[in-house]
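Note sheet for the following structure.
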Amino acid sequence: MRYLPLNGADRAQMLATIGVKSVDDLFVDVPASARLTAPVNLPRYAGEMEVEAQIRAMAAKNLSPSRVPFFVGAGAYRHHVPSTVDHIIQRSEFLTSYTPYQPEIAQGTLQVLFEFQTQVARLTGMPVANASLYDGSTAAAEGVLMAQRITKRNKAVMSGGLHPHYTHTVETLAHAVGMETEALTPAVDAEAEVLKHIDKDTACVVVQTPNVFGTATDLTKIAAAAQAAGALLIVVVTEVMSLGLLKSPGEMGADIVAVEGQSIGVPLSFGGPYVGLFAAKEKYLRQMPGRLCGETVDADGERGFVLTLSTREQHIRRDKATSNICTNSGLCALAFSIHMSLLGQEGLKRVAKINYAKAHALKDQLAVIAGVDVLTPRFFNEFTVKLPKSAAEVVEALASKGILGGVPFTRLHKDEAFDNHLIIAVTETVSDTDMSAFVAALKEVL
Amino acid sequence: MRYLPLNGADRAQMLATIGVKSVDDLFVDVPASARLTAPVNLPRYAGEMEVEAQIRAMAAKNLSPSRVPFFVGAGAYRHHVPSTVDHIIQRSEFLTSYTPYQPEIAQGTLQVLFEFQTQVARLTGMPVANASLYDGSTAAAEGVLMAQRITKRNKAVMSGGLHPHYTHTVETLAHAVGMETEALTPAVDAEAEVLKHIDKDTACVVVQTPNVFGTATDLTKIAAAAQAAGALLIVVVTEVMSLGLLKSPGEMGADIVAVEGQSIGVPLSFGGPYVGLFAAKEKYLRQMPGRLCGETVDADGERGFVLTLSTREQHIRRDKATSNICTNSGLCALAFSIHMSLLGQEGLKRVAKINYAKAHALKDQLAVIAGVDVLTPRFFNEFTVKLPKSAAEVVEALASKGILGGVPFTRLHKDEAFDNHLIIAVTETVSDTDMSAFVAALKEVL
Amino acid sequence: QYERLIFEKKDYTRTGVDFADIDIMPSDLGDLVRGDDLGLPGLAEPEAMRHYVRLSQKNHAIDLALYPLGSCTMKHNPRLNEKMARLEGIGDIHPLQPASTVQGALELMDTLAHWLKTLTGMPAVALSPKAGAHGELCGLLAIKAAHEAKGQGHRRTVLVPSSAHGTNPATAAFVGYSVREIAQTADGRVDLADLKSKITDDVAAIMLTNPNTCGLFERDIVDIAKLIHDAGAYFYCDGANFNAIVGRVRPGDLGVDAMHINLHKTFSTPHGGGGPGAGPVVLSEALAAYAPTPWVVSTGNGYALEEFGEEASAANFGRMCAFHGQMGMYVRALTYMLSHGSDGLRQVAEDAVLNANYIKASLQDIMSVPFPDGPCMHEALFDDKWLEGTQVTTLDFAKAMIDEGFHPMTMYFPLVVHGAMLIEPTETESKAELDRFIDTLRALAATALATKNNADEVARFKNAPHLAPTRRLDETKAARQPKLTYG
Amino acid sequence: QYERLIFEKKDYTRTGVDFADIDIMPSDLGDLVRGDDLGLPGLAEPEAMRHYVRLSQKNHAIDLALYPLGSCTMKHNPRLNEKMARLEGIGDIHPLQPASTVQGALELMDTLAHWLKTLTGMPAVALSPKAGAHGELCGLLAIKAAHEAKGQGHRRTVLVPSSAHGTNPATAAFVGYSVREIAQTADGRVDLADLKSKITDDVAAIMLTNPNTCGLFERDIVDIAKLIHDAGAYFYCDGANFNAIVGRVRPGDLGVDAMHINLHKTFSTPHGGGGPGAGPVVLSEALAAYAPTPWVVSTGNGYALEEFGEEASAANFGRMCAFHGQMGMYVRALTYMLSHGSDGLRQVAEDAVLNANYIKASLQDIMSVPFPDGPCMHEALFDDKWLEGTQVTTLDFAKAMIDEGFHPMTMYFPLVVHGAMLIEPTETESKAELDRFIDTLRALAATALATKNNADEVARFKNAPHLAPTRRLDETKAARQPKLTYG
């Protein structure tokens, strides 16, 4: 077996050194009733060719977005990632290293994390950021728990513009720790509504911009009002590319920012792994969950980086930790950081403008189709239309024509009132031809 | 432009340091008549997305062997290459390094070349090997010129089993240096015929096993007879995988061995780059063309490797060099060496047997089809059949059914006598299903 | 060796990505449009390549040498796995495409689930947890939901052995349980007597790692399971060390109710400097109904994704994250499983255990072993007793290993062993590499012991590493004056 | 740091590749079957990965730092090129598939040819040569064929400047020409007077590099071409330095008849430790008919490959290799060309020349320049005059650069300059990296000069490198006692 370097002669020598007769003697502590005497009922080992054929056969049953006009978003986006990114993350020294517990031989990973944290802080307009969380949704949930720790209040209010998966994820975690949640009714232009639901128990309000319907909202006044009421403002961003064009959460007064970073550097990969960006005001630094990388000096006084403030973490604090998180999303954070450093603000702003322009071009083409009602008032690269029939059926009909035409809102949240709502994303990867094909096909299926 | 780090400010500062006003001033030595004042008439720069789309569009117009039953060989073979191989050769330190002129910071490349030479020597059964040549055909031609240098004779006799491209390549080079060549008439079992054509001017006979029709030949007697007549035996191998099953050229008495190494580690890539393996008897060492890597010691007495015997080479000897070769096929040699070190003799022997078994299984299935005449008497993984109609037409008809069914001999050598000859290769990548599809389709088109 | 931070140049005019000029102004966004200066530098592609390649060479990696991090499991990462994860139709598909367009992806998840269930002997699996700790959370939430459904909401205590991973108590506390520690016997296992004395009727579950963090198999595991079940509680098994027994022992046969599987540990998805992980949780019949949404269902003529859990199981405890988990890790893990097969996976466990015992046997005459009797499983545990009388600590010894080209073992964990040194070689080490490691450690240990008679030589250890990209780093300063971003 | 050779273990039982068991015996092969022991070791995949990753870290590479090898041109290798070369339908197609199944591949070759012809202003191109030297051979064989076709077979002399690449005289001699050297002027160009005196009626061609190997543009190039043409000979241009002028000068406008293009130099295909190269040759109208087989033809409704050259041109001089050239390099080069476009390629030349002149301007006060007047092109040439009075040689200085983290420049070439140091930065270096290089060289040069007054310090240079994976290697021993294989 190609991954196992020992051969029979090695094993015999090693057993002799250990002083046992067979490898079975090393499993003596297993209760006899639980010892499997033969391999379980699964196929035997296979060569690369056979394995590759099996996986390829499954891949071939999927409709690849690389081959068709593609308008699916709603929390995960198809963007162009420079080939350099994937090349670098596959370097042995990045791919096959572990958490940087020995900083002297992990400065590669650590400097990248320090740069990543700085990029995230600047992108979100916040002073501090951590070394990444699992994804945007768990970052949002961790933000809510952090708000509880900070405010000692016990309720989270979530806007009707929050991605329903995020709402459900926050509910699951918040309820697990005994917090109350109030999820407001989904609405296209929903963020300001949270203010009406703040009371003295409200630890935080969670708003999203652009929200799940695509609506971009200036949160400046919401931030001020929430904070005046003693609640924290948690801003969720599921399309990080929007920060190249839209005002940052920090500028608008956010206390905590939870971002899905997938759009920069990370492949769609059917939903994961992604990378959660997490940033906060400096005063909340020690309440942040997850890993932090900090600058320090070595014995010669030279700059170096280490994981720090681990006294917040589970492996030191055990049942007193700020969170139970152990891993971050290191490799995705690396991918994000490389892509971000290639883009720079110049590239980011430019690609963001292209997203904006393409999405608005498609919106203009759809708006004139009879029966199609564009609902989103202001948006970046995604908007919602109300169709004259079930969005789910339309999407299936489009798929059968080889077009991946968006996300029916009911895919995320079951509610008949939204049966005809379709969320449409348009990124720089969409060509004019793709748009024409979409418009033509949509006309046919409506 | 993403590959150009200088920006306008940099350029201005640098021009100031140089003391000129504009970059045009650096091109003053170009005659005015030849100065282009504007870009030539070609498209302007393009982003990764656009370029990738253009290349993908071309790729999509080709019928990929990965998707269809595939039986094409005749000097280049489709084999399974472990994914590790391509991963390692893309490592920056291998991919983006140059010829190891500074051995102290090129020990990676140099040790690999030393190991490569040892692998080639052992595989071919010869005592010495070089660090690779462009491909098998140019290696064969260099072997002929080397024979001229050694024997001081001026004629090369090439068997009718030699791949016609090799014959033509040898002719071109041999004629360029003023050698005579005698290419014998193509024949399925042709190697021994060369002995009849040796005279006192014959520097070498060039034979191939398995030859272009697939025939494997024991060259022991041919070697002895050629050498008795004062000529060298040059053995060409175009399917290096065969050396896992068949007696090596060295065992059979070869003086010089020229091998196409593509089958081990190198993708088909429409014909190149490939890797020429070149080995010889030790006494001919200093007459070998191309780069050689040798073991030595450093100032501390530790083992190290260097390029050596460069006094044979063009950059030292100029017009007295043994060849004009400058580059080798370094990256392909690396790929070969990695794949070979993964296989080891155990893996090589096993995959060779699988090739043999599959090819013979297909032969048995074809032999019973009316009108199909199997011509090759003994073979490894490739054999020739005579069809009742034009092989070129049959291949086209098969291609239109999505089967890549072999190489008509007339693709290589125009001769009506061979119009119906089809060369069929079967490697470990061919499945039983592929074979059945081929047999069924062949029956239909005959 | 100094590698500049990308921010130090303060040049924000460059970019390493080419896009067409665009002059559309998003006028309808008004004030929402961001100002010009984001403070984000761009690097031309050659500059970026160098920055990251240079940085990478400052890392140790499993591809360079043994990485004997006990309880962290660093084994070979096959590149076939990486290739499969990047296939068109795998790496590029969107989680919200219509199910009709992702039948292969759902089949892949279903196949992975089948392998995990078969290997563990458990009837159900929740795939979506994004890491081991996330899996612990999933398991405890399922247990909590089950208790609540049965009117046992008063059960608010979780039993945790003192040797447990920090994530165990952290997770239990996180979901509102109080943690009760169970003592350990002199031979490194759960103290059954202590356990019995601590099982009260408010106990919701025990969280137990098996093989445990001392690298030992819990001999009484079946009895422990029975005690727990008899008390109306559930048995959560921390599956971090499943790689020690895969193919030889099925946790379902031991009485486990829930166990997360760190795909990166047992099934070799890459660690990538600390993640991403993936922590599917296998569940017993008793807990299966409480698994989180979403899950894959076979519909007879294909697969569907049950996103809301209303029809099949309204008992689900909710959603753990957006979308449906770490597909990129699933494909790598499945590729690894298919490559090894049932026979190969069994061999994995055997070779992992063999390698660990070989290290233990080869070092125990010079380094002290806290639990010398009987075999260990996949990792060999040493303590610092043998260093008594020297000034060399476990930390010093570990840092000195760096100068020898090896990554240190896990230090000071498990907490129950003084100055613990936990060595896990894994099955992908050759005997030659193990011998090189053993020889190096023996020589280094001899040197450490010799410092007893030569105080000057202590400095070699105290100041180690000497040959790494940096000298020993000041972690106290980093924590006292946190500097998490540049500028 | 010692990395064992794979052969040292003498264990031939292992393999890192899994194939099904096979028990078929090739009985019909009889004696032809090989014996059991080939002496070829196999490595399990983890062992192989480590072996090569460790070895790789002993290499310098363009991805790590400047690689200023004058006349070798090490520029950034975009990874997009690598990705494109591996596409299904590119990397996996067979050279002998029916033309109907490789229309895209033929289109790609035709497109590459169009770009090469347009950039050089030449009407024809032979794609198949596999490297620069192979291209030289192609060019000279076309020239030879042309002369023979015109009854000028008596022309047996090729003129070559003394500064030429070694491949030029080697190639000329190889095809049976005698080589006549042309002198160089004090300002580093061809001596026109000497040239005129050496043009006799047996001259077949001149081989000239332009920009030349001193990094200078041959100002009289148009006159030289005219002299050569008037004498009935052809002008072969060594295109190794085309990267200096691409987009700004078309060789066709200078009177060139044949020029090879090193795709790796000008169009950034990777060098890979010494190859593979690719050396397409552009040809003037006068030589086009003699180009080697095969070539791509446009048939009106697609492309075909003319393999035998019988119909279109019976004048072809033959075939240079099996199949039709370095497709893997074509796709990389074309990807690079499409990325840059006509404007970007012009910028490439400008930045390459700017960078070289910046280095020259920044170092010429401390290191001596043999041709100080006027700008250089893409490379800056220094000699060792400035080291006079020290014991430090060009070699010593170069080896000392290694300890500073830089690859040395090309040394002792061109031969016409004493102790030559030829520095080519290329266009893909940033100003920051150039400044780092300049600062390092200035400091090192000052140290070298200071050895005049301190003989002890000479040792630092004589014994350099000190910090490389090996110390200075004994090349004489290697050549005297050649050991080319293990054991």
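Letters go in sequence order (proteins before strands), and every chain restarts at 1. Remember, predicted model here, so these are calculated numbers, not experimental data.
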Measure distances from L4(B) to the heavy atoms of chain C and classify the residue's part below 4.5 Å as side chain, backbone, both or neither. backbone

Proximity of residues 5-13 of chain B to chain C, residues having a non-hydrogen atom under 4.5 angstrom: P5(B), L6(B), N7(B), D10(B)

Correct closest heavy-atom pair for F19(C) and Y45(B) would be O-OH, 4.2 Å

Between M49(C) and S92(B), which heavy-atom pair has the shortest distance, and what is it? SD-OG, 4.4 Å

Neighbour count >12 (heavy atoms, 6.0 Å) for atom NZ, K10(C): yes

Nearest-0.5 Å distance, CG of residue D18(C) to CE of residue M1(B): 7.5 Å

Counting heavy-atom pairs under 4.5 Å to chain B, which of E82(C), K83(C), R14(C), Q57(C) comes out on top? R14(C)

When rounded to the nearest 0.5 angstrom, what distance separates CG in N77(C) from NE2 in H87(B)? 10.0 Å

Which bit of V17(C) comes within less than 4.5 Å of chain B, counting heavy atoms only: side chain, backbone, both or neither? backbone

So for atom CG, which belongs to D37(C), do other residues, nucleotides or ligands contribute more than 12 heavy atoms lying within a distance under 6.0 Å? yes

With rounding to the nearest 0.5 angstrom, report the CZ to CD1 distance, R79(C) to I88(B). 8.0 Å

